[in-house]
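Residue indices begin at 1 and follow the sequence shown.
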Amino acid sequence: MISIFSLFSFLVVGQSKKTVAVVVEYNYIVTFQNPSYGKVILKYLKDKSISKTLADVIPETKDGDEQNSTVYETPMDLYQSINLDNKTIVATDRIFNSKYKVTEDLPVMNWKLSKDGESKIIDKFVCNKATLSFRGRNYVAWYTPYISSQFGPWKFYGLPGLILEVYDTDNNYHWTATKINNQSAESFDFNVLDAQKVKQQLTLRQFVEKTDEKTKAFMATVRKSVSRGTVVDFGDFDKRSGPELKYEWETDKKK
């Protein structure tokens, strides 16, 4: 367990260097049919954060080659930035090999703090448990109240302490902090997304709808390109498999 003096030093240093970001590194694991591993780097100040998911190293394909039934995507770093002041999330995301800038209002995350006193140690910090049902998945998070921050990897925010581990209950997505640096020499550049080359700027709803349209168009193109009588099995290709499965406007529509 970390000493009270060390905790006090961490908080004082973190608060005194207002122009320097606290940097947290996470290991990122996706466990579907073909498990993949990556890294997420979180930078944050008091009310702003940027979470960067580093590109996976996977084979590339020729530009525009969307007729091949085996799809390889060009590696891309993706960002999620949270601004608690203006209550927005700005992110970069992809549809096949095209990158988009996506904006949304800050979503409500109704965390439930564990009342059973459950705790665990992560990187020498005592962490408490919280659970969340968010856009079609159920998540478990471990946060440390000894580091004053509302942030975590990806879009996660809103707990009374830095999130050091979070995963969904189906164990498809898993983030675990591996390094915390509150004395980083890196400055905080909240405008890093402005430098990203994107095809188009969209709202979250526009991006989701365009993703669904592109997926259906791709499947139709593949079916037309094969010999007559050939059955193309896409499996669950047309089903969402990301951290978000169902959105607010889709849920409201069914009520």
Side-chain angles (χ1 to χ4, degrees), residues 1-2 7 10-11 14 21-32 35-54 78-84 87-89 91 93 104-182 204 240-248 251:
M1 183 179 297
I2 192 165
L7 290 172
F10 185 98
L11 296 175
V22 176
V23 180
V24 186
E25 295 184 9
Y26 297 83
N27 282 340
Y28 173 54
I29 304 174
V30 181
T31 55
F32 287 113
S36 61
Y37 304 84
K39 179 182 289 188
V40 176
I41 299 176
L42 169 70
K43 295 183 182 181
Y44 70 86
L45 289 178
K46 181 179 179 181
D47 53 9
K48 299 177 181 179
S49 75
I50 294 179
S51 182
K52 177 181 179 181
T53 302
L54 276 63
L78 299 178
Y79 293 84
Q80 295 84 29
S81 67
I82 298 176
N83 189 322
L84 299 180
K87 294 179 170 42
T88 58
I89 293 181
D93 211 332
E104 64 175 299
D105 294 335
L106 194 65
V108 176
M109 293 193 174
N110 293 316
W111 293 99
K112 294 182 179 180
L113 306 185
S114 174
K115 297 180 180 179
D116 298 328
E118 296 176 87
S119 64
K120 65 189 295 187
I121 305 295
I122 301 175
D123 195 22
K124 299 181 181 179
F125 289 95
V126 177
C127 296
N128 298 330
K129 183 180 179 181
T131 57
L132 170 71
S133 180
F134 180 65
R135 291 178 176 167
R137 289 193 186 277
N138 297 314
Y139 289 96
V140 175
W142 295 90
Y143 67 95
T144 177
Y146 298 109
I147 302 179
S148 181
S149 169
Q150 293 191 49
F151 299 113
W154 189 56
K155 296 180 180 180
F156 296 114
Y157 81 98
L159 282 170
L162 180 66
I163 299 172
L164 296 187
E165 183 178 16
V166 59
Y167 48 88
D168 70 289
T169 54
D170 292 326
N171 202 32
N172 288 317
Y173 290 89
H174 199 142
W175 296 260
T176 306
T178 58
K179 183 179 180 181
I180 304 171
N181 187 355
N182 70 312
L204 176 63
R240 292 174 187 161
S241 58
E244 299 162 304
L245 300 177
K246 186 178 294 184
Y247 297 87
E248 292 82 358
T251 303

I'd like to check [X] versus [Y] (side-chain heavy atoms, cut-off strictly below 4.5 Å). Are they in contact?
{"X": "R240", "Y": "Y247", "value": "yes"}
{"X": "K129", "Y": "T131", "value": "yes"}
{"X": "P243", "Y": "K155", "value": "no"}
{"X": "F156", "Y": "W111", "value": "yes"}
{"X": "E25", "Y": "N181", "value": "no"}
{"X": "Q150", "Y": "I82", "value": "no"}
{"X": "I163", "Y": "V24", "value": "no"}
{"X": "L159", "Y": "L113", "value": "yes"}

How far does [atom1] of [X] sit from [atom2] of [Y], to the nearest 0.5 angstrom?
{"X": "N27", "Y": "T178", "atom1": "CG", "atom2": "OG1", "value": "5.0 Å"}
{"X": "I180", "Y": "I147", "atom1": "CD1", "atom2": "CD1", "value": "4.0 Å"}
{"X": "D123", "Y": "T144", "atom1": "CG", "atom2": "OG1", "value": "10.0 Å"}
{"X": "I121", "Y": "C127", "atom1": "CD1", "atom2": "SG", "value": "7.0 Å"}
{"X": "W142", "Y": "S119", "atom1": "CH2", "atom2": "OG", "value": "7.0 Å"}
{"X": "D93", "Y": "T53", "atom1": "CG", "atom2": "OG1", "value": "9.5 Å"}

Can you establish whether the number of heavy atoms outside K179 located under 6.0 Å from its atom NZ is more than 12?
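It does not: K179 NZ has 12 such atoms or fewer within range.
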Near N138 CG, under 6.0 Å, is it more than 12 heavy atoms from other residues, nucleotides or ligands?
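Above 12, so yes.
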Consider side chain to side chain contact (heavy atoms under 4.5 Å, CB included). Of S114, P160, P145, which one does N128 pass it with?
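Only match with N128 under side chain to side chain contact (heavy atoms under 4.5 Å, CB included): P145.
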Is the ring pair F151/Y44 parallel, tilted or perpendicular, if the boundaries are 30 and 60 degrees?
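Answer is tilted, since the angle falls between 30° and 60°.
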Parallel, tilted or perpendicular: which one describes the rings of F134 and W154, with boundaries at 30° and 60°?
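Perpendicular.
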Looking at every heavy atom in both [X] and [Y], which two are closest together, and how far apart are they?
{"X": "P153", "Y": "V166", "answer": "CG-CG1, 3.9 Å"}
{"X": "A130", "Y": "Y143", "answer": "CB-CE2, 4.1 Å"}
{"X": "R137", "Y": "G242", "answer": "NE-O, 2.8 Å"}
{"X": "G136", "Y": "L245", "answer": "O-CD1, 3.5 Å"}
{"X": "I41", "Y": "V23", "answer": "CG2-CG1, 3.8 Å"}
{"X": "D168", "Y": "Y173", "answer": "OD1-N, 2.6 Å"}

With side-chain contact (heavy atoms from CB on, under 4.5 Å) as the test, would you mind laying out the steps for L42 and L162 before giving the verdict?
CA-CA 11 Å; L42 169 70; L162 180 66; 4.1 Å; yes
Please answer whether the main-chain N or O of N171 pairs with a side-chain N or O of T31 as donor and acceptor at a distance below 3.5 Å.
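Yes: the side chain of T31 pairs with the backbone of N171.
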Among all residues two or more places apart in sequence or in another chain, which pass the side-chain contact (heavy atoms from CB on, under 4.5 Å) test with K52?
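Checked K52 against side-chain contact (heavy atoms from CB on, under 4.5 Å); matches are L54, D77, Y79.
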When Y28 is tested against each of Y167, Y37, W175 for ring pair (Phe, Tyr, Trp, His ring centres under 6.0 Å), which residue passes?
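Only one of Y167, Y37, W175 forms a ring pair (Phe, Tyr, Trp, His ring centres under 6.0 Å) with Y28, namely W175.
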